[in-house]
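Here the structure comes first, spelled out in structure tokens, and everything after it is commentary.
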Amino acid sequence: MRKNIIEIYENLQESDFIQKERIESEKVIESIVKHYAQETVMNVEDIRGELSNLAFIAEKNGFVAGFRYAVRLLKEC
């Protein structure tokens, strides 16, 4: 079943469901990139915090996009 879900996910990567939810993650990534581009020193705690925040946002937005898609599928049945 996991394999089938991953296949569906890969087919939806460029859909509006995924694109809309990806924006928030991209903002956090941009913040991290700016620190490195400016060669600003970040301590391990700050890096860990930023990456944890990114992971949390990605999980949350993935759930939201998946839930929206599931509801849409149910409506079609």
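On a predicted model such as this, the values are computed, not experimentally measured, just so you know.
- If you take CD on Glu45 and OG on Ser52, they are separated by 10.5 Å, rounding to the nearest 0.5 Å.
- Lys27 NZ: 12 or fewer foreign heavy atoms inside a 6.0 Å radius.
- Between the CD atom in Glu59 and the OG atom in Ser25 there is a gap of 10.5 Å [rounded to 0.5 Å].
- Under a hydrophobic clustering in which Ile, Leu, Val, Met, Phe, Trp and Tyr are joined whenever their side-chain heavy atoms come within less than 4.5 Å, directly or via other members, Leu54 and Ile23 fall into different clusters.
- The cluster map of Ile, Leu, Val, Met, Phe, Trp and Tyr, joined by side-chain heavy atoms under 4.5 Å apart, puts Val64 and Phe56 in different clusters.
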Notebook entry, point to check: Can you check side-chain contact (heavy atoms from CB on, under 4.5 Å) on Asn61 and Glu24, steps first, answer last?
Noted result: CA-CA 8 Å; Asn61 292 341; Glu24 193 175 1; 3.4 Å; yes
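- With sequence neighbours excluded, the residues satisfying side-chain contact (heavy atoms from CB on, under 4.5 Å) with Glu7 are Asn11.
- Remark: Asn43 CG to Arg48 CZ distance equals 9.5 Å, nearest 0.5 Å.
- For Ile6, the side-chain contact (heavy atoms from CB on, under 4.5 Å) criterion is met by Arg2, Glu10, not counting sequence neighbours.
- Using a 4.5 Å cut-off on side-chain heavy atoms (C-beta onward), Ile32 and Leu51 make contact.
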